[in-house]
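Every value quoted in this text rests on a predicted model; they were computed, and no experiment measured them. Residue numbering restarts at 1 for every chain, and letters A, B, ... go by the order of the sequence lines.
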Amino acid sequence: LNAKIATLTTDFGLRDPYVSTMKGVMLGICPGAAIVDITHKVKKFDISNGAFVLASAAPFFPPDTVHVVVVDPGVGTERRPIIIETKRGFFVGPDNGVMTLAAEAQGIRSVHEISSRRFMLPHVSNTFHGRDVFAPVAAHLLNGVDLMEFGPPQAEFVKPNLSKVVKTDDSLAGEVLHIDHFGNVITNITLHDLKDSVRQFLSVEVPMREIRLKLSKSYGDVKPQEPIALIGSHNFLEIALNQGSASSILKINVGDKILVRRSISSE
Amino acid sequence: LNAKIATLTTDFGLRDPYVSTMKGVMLGICPGAAIVDITHKVKKFDISNGAFVLASAAPFFPPDTVHVVVVDPGVGTERRPIIIETKRGFFVGPDNGVMTLAAEAQGIRSVHEISSRRFMLPHVSNTFHGRDVFAPVAAHLLNGVDLMEFGPPQAEFVKPNLSKVVKTDDSLAGEVLHIDHFGNVITNITLHDLKDSVRQFLSVEVPMREIRLKLSKSYGDVKPQEPIALIGSHNFLEIALNQGSASSILKINVGDKILVRRSISSE
Amino acid sequence: LNAKIATLTTDFGLRDPYVSTMKGVMLGICPGAAIVDITHKVKKFDISNGAFVLASAAPFFPPDTVHVVVVDPGVGTERRPIIIETKRGFFVGPDNGVMTLAAEAQGIRSVHEISSRRFMLPHVSNTFHGRDVFAPVAAHLLNGVDLMEFGPPQAEFVKPNLSKVVKTDDSLAGEVLHIDHFGNVITNITLHDLKDSVRQFLSVEVPMREIRLKLSKSYGDVKPQEPIALIGSHNFLEIALNQGSASSILKINVGDKILVRRSISSE
């Protein structure tokens with residue numbers, strides 16, 4: 001590989017030595033690697049949250065990037081370590097579904113189990129496969145080691161249990177995927193879903209209340225602290241407050257159901 | 001450019017994929033770039049806070065560094081994206097004043113509006129110019145693209161509304177710019193301001209109380225938990241507690257007025 | 001040096017410009033350096049916490065890595081800045097014991113005082129030696145400057161005051177070194193300590209209560225939210241909850257005494 005770019009997505013936080021330990025291992029094997037943190041603040045053990053964040057960032061990395069993911073509640077149990085090869089790059093992590101969303105968006109070419117001990121650290125702990133398995137394997141991938149060397153292809157792999165948008169004639173029922181740092185509420189409803197049922201205004205039913213929102217283009221289309229709906233940078237329907245937190249003000253949380261209806265007219 | 005160093009200063013926090021997405025875009029355009037995080041914990045939408053942090057770090061980067069700044073409450077509105085060229089490097093971000101303090105300290109050579117779509121991502125969202133405009137433009141700058149290619153020079157640019165120190169015969173009236181991680185209180189009063197009016201002791205009036213402080217050289221000049229004044233590493237008057245938080249103990253916050261008087265004698 | 005890898009371990013947090021300022025200085029002197037953050041969330045002024053995190057990460061970095069450490073409550077006082085040369089790399093920071101644990105594990109070759117002003121920034125503040133002394137010295141080390149150029153060897157250096165495990169015939173008395181992001185409780189008791197006195201079950205006395213734990217291999221050996229003991233990735237005895245926080249549920253904190261006894265039989 002020419003680029004030698006790896007990314008890391010974990011639920012390790014930034015206080016402990018875990019993330020840097022993985023980087024030390026990787027730089028020892030592939031000295032010129034550029035290692036980019038996607039985030040280390042995935043909600044602990046939360047595979048859906050990790051899947052969302054990774055799928056959101058991965059498309060913007062160059063071809064041949066190796067994405068390492070360690071959101072791994074089953075570390076040390078029988079869940080397998082895998083490499084997913086896509087049309088655009090590689091994903092290295094546990095076979096628990098956390099990488100599937102991002103990988104499928106790139107087109108999956110093959111999935112390999114990581115079974116050869118040759119590319120792991122000499123001592124493999126049962127509690128930190130990020131350091132002992134995924135980091136060294138990713139660095140060897142960057143060095144150009146062939147996929148078959150890591151282990152045999154496997155036909156099956158785990159898919160994450162993500163909720164789907166349900167459409168009726170006059171509504172869309174979706175769910176809140178993510179609340180970002182600004183309090184923007186990101187749903188699983190896409191522009192494509194919206195096209196058939198919504199025009200300029202929409203009515204959004206969130207827990208305990210219903211809000212009528214203008215479908216806008218940018219946060220600045222309304223006054224500060226006023227709510228709007230827009231297709232955000234993730235390409236999902238987003239409920240936001242200009243310069244404020246929609247999540248706190250409208251009391252919306254991850255996992256909340258969202259019902260969108262076309263609103264009849266402008267005010 | 002030889003160095004190919006870029007920095008990022010944002011209010012994005014570290015939980016979401018936003019920062020890494022920008023890095024992915026930059027590495028796709030300029031594979032060898034070294035990208036350094038200045039901070040992603042600028043107070044949300046707070047242009048003054050971003051301006052202070054950037055101006056504090058930028059002088060320590062080598063020539064030709066490209067500083068990318070995304071503290072951008074007006075994203076998607078008519079505020080323009082600009083490049084500021086200085087005698088020492090480049091600043092890329094919104095024309096809202098956040099880069100002006102740091103850029104003026106380096107000597108501004110020119111300001112260009114970013115208008116050419118050629119150097120932006122193919123789809124420019126209205127909510128994430130960091131990813132769609134500033135990141136790719138910065139990477140193209142690192143690659144040596146000429147300033148004129150990005151857009152025309154513009155004569156005017158926004159200056160931040162920073163408060164000035166007011167001097168009288170026996171006092172200096174300033175303001176708290178920043179409280180750091182240790183609780184050190186950083187004011188906008190410089191060594192130069194102090195020279196005329198203060199010698200070894202000073203009397204500082206903070207909200208609700210007046211404190212007499214020794215002007216010291218290092219935190220260790222007083223006992224643990226005792227307050228001192230010193231010229232800090234930012235070159236501003238700083239009120240600190242040895243191994244403690246001046247901000248919490250003395251109840252001083254960002255924006256508080258600070259009145260400094262020469263204190264008559266030693267104890 | 002070929003590798004040109006440096007690490008940073010500080011108690012600076014991630015909000016202020018301090019960390020990036022150090023990186024700017026280093027990249028100005030050694031443009032190709034790969035600078036890895038070990039952590040910037042060492043507990044403020046806490047030399048033991050810094051020593052533990054550094055000693056945990058450092059073994060996984062390649063030879064010739066330069067580890068820069070700034071947990072420095074005595075900055076600007078008479079404590080000396082030093083370089084510790086080991087059989088594997090270098091440590092640069094204050095002579096307050098924070099680097100000793102990690103350096104001794106690698107085998108110390110020499111300790112040099114940093115006294116030559118040539119390798120410091122032109123103006124050395126009394127409050128930020130990370131920027132003015134340690135960062136430039138580390139970058140010059142990466143560039144291959146000889147140790148003798150920085151200052152004379154010194155025979156003595158500060159050792160941290162770490163508690164030792166006390167063994168009796170039927171028990172081990174240790175201490176909690178660290179609580180990680182997941183709430184895992186990491187003690188100072190090693191596998192070697194345990195070998196003589198514990199087999200499959202152990203009884204752990206923590207403040208106010210006694211718990212009987214199975215010595216397991218991975219978190220997944222028990223049901224979610226159930227406690228276990230295991231030798232963690234740090235090679236220390238760890239008390240953990242599968243997918244939960246042992247620290248909060250069992251109310252164990254850093255510094256707590258831990259008494260381990262062999263438990264008589266299985267349930």
Side-chain angles (χ1 to χ4, degrees), chain A residues 2-9 11 13-14 32 34-43 49-50 52-65 67 89 102 178-184 186 216-222 224 228 230-235 238 240 242-245, chain B residues 4-6 8 10-37 39-47 70-79 94 96 121-136 139:
Chain A
N2 282 322
K4 294 198 188 299
I5 297 168
T7 76
L8 300 181
T9 303
D11 58 355
L14 294 167
I35 307 172
V36 178
D37 301 302
I38 289 189
T39 185
H40 301 292
K41 298 199 165 191
V42 171
K43 226 178 136 225
N49 182 231
F52 169 77
V53 174
L54 178 66
S56 184
F60 293 91
F61 280 82
D64 295 336
T65 295
H67 300 284
H178 187 72
I179 307 286
D180 78 7
H181 175 69
F182 296 97
N184 298 322
I186 297 139
S216 303
K217 294 222 160 158
S218 67
Y219 304 125
D221 285 356
V222 294
I228 47 163
L230 44 72
I231 298 298
S233 63
H234 308 273
N235 282 322
E238 198 175 305
N242 184 16
Q243 296 176 45
S245 167
Chain B
K4 295 199 187 298
I5 296 168
L8 300 181
T10 78
D11 58 354
F12 291 166
L14 293 167
R15 199 155 41 87
D16 299 311
Y18 305 140
V19 171
S20 56
T21 302
M22 290 180 64
K23 292 180 183 175
V25 169
M26 293 169 79
L27 290 172
I29 295 165
C30 180
I35 308 172
V36 178
D37 301 303
T39 186
H40 300 292
K41 297 199 166 191
V42 170
K43 226 179 134 223
K44 283 172 206 161
F45 315 117
D46 188 331
I47 290 168
V70 197
V71 181
D72 195 9
V75 61
T77 64
E78 75 277 21
R79 73 96 191 88
N96 63 15
L121 292 200
H123 172 73
V124 176
S125 73
N126 284 295
T127 53
F128 193 3
H129 283 192
R131 178 190 69 189
D132 304 332
V133 178
F134 304 132

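Heavy atoms only, all atoms of each residue included: B:D16 and A:I179 are closest at OD1-O, 4.3 Å. Closest of all the heavy-atom pairs between A:H234 and B:P17 is CE1-CG, 4.1 Å. Considering every non-hydrogen atom in both B:F45 and A:G244, the closest pair reads CE1-N, 4.1 Å. Annotation for A:N242 and B:P73: closest pair OD1-O, 4.3 Å, computed over non-hydrogen atoms. Pairing each heavy atom of A:K41 with each of B:K41, the nearest pair is NZ-NZ, 4.2 Å. The minimum heavy-atom distance linking B:S20 with A:V36 is given by the pair CB-CG1, 4.2 Å.
Surrounding NZ of B:K44 are more than 12 heavy atoms belonging to other residues, nucleotides or ligands, all under 6.0 Å away.
Within the 4.5 Å cutoff, the side chain of A:L230 has heavy atoms near those of the B:T127 side chain. The shortest distance between side-chain heavy atoms of A:D180 and B:F12 does not fall below 4.5 Å.
B:D46 CG to A:Q243 CD: the interatomic distance, rounded to the nearest 0.5 Å, is 11.0 Å. Atom CD1 in A:I231 sits 12.0 Å away from atom OG in B:S125 (nearest 0.5 Å). B:N126 contributes atom CG, which lies 10.0 Å from atom OH of A:Y219 (distance to the nearest 0.5 angstrom).
With a 4.5 angstrom heavy-atom cutoff, A:I5 touches chain B only via side-chain atoms. Of the atoms belonging to B:D11, heavy atoms from both backbone and side chain fall under 4.5 Å from chain A.
Counting heavy-atom pairs closer than 4.5 Å to chain A, the top residue among B:T21, B:V19, B:L121 is B:T21. Among A:S56, A:A240, A:S218, the residue with the largest count of heavy-atom pairs under 4.5 Å with chain B is A:S218. Between chain B and the options A:T9, A:V42, A:V53, heavy-atom pairs under 4.5 Å are most frequent for A:V53. Comparing A:T39, A:N184, A:N235 by how many heavy-atom pairs each has under 4.5 Å with chain B, the most go to A:T39.
Between the side chain of B:R131 and the main chain of A:F60, no donor-acceptor pair closer than 3.5 Å is present. Checked by atom type and distance alone, the side chain of B:K23 never pairs as donor or acceptor with a backbone atom of A:D37 at under 3.5 Å.
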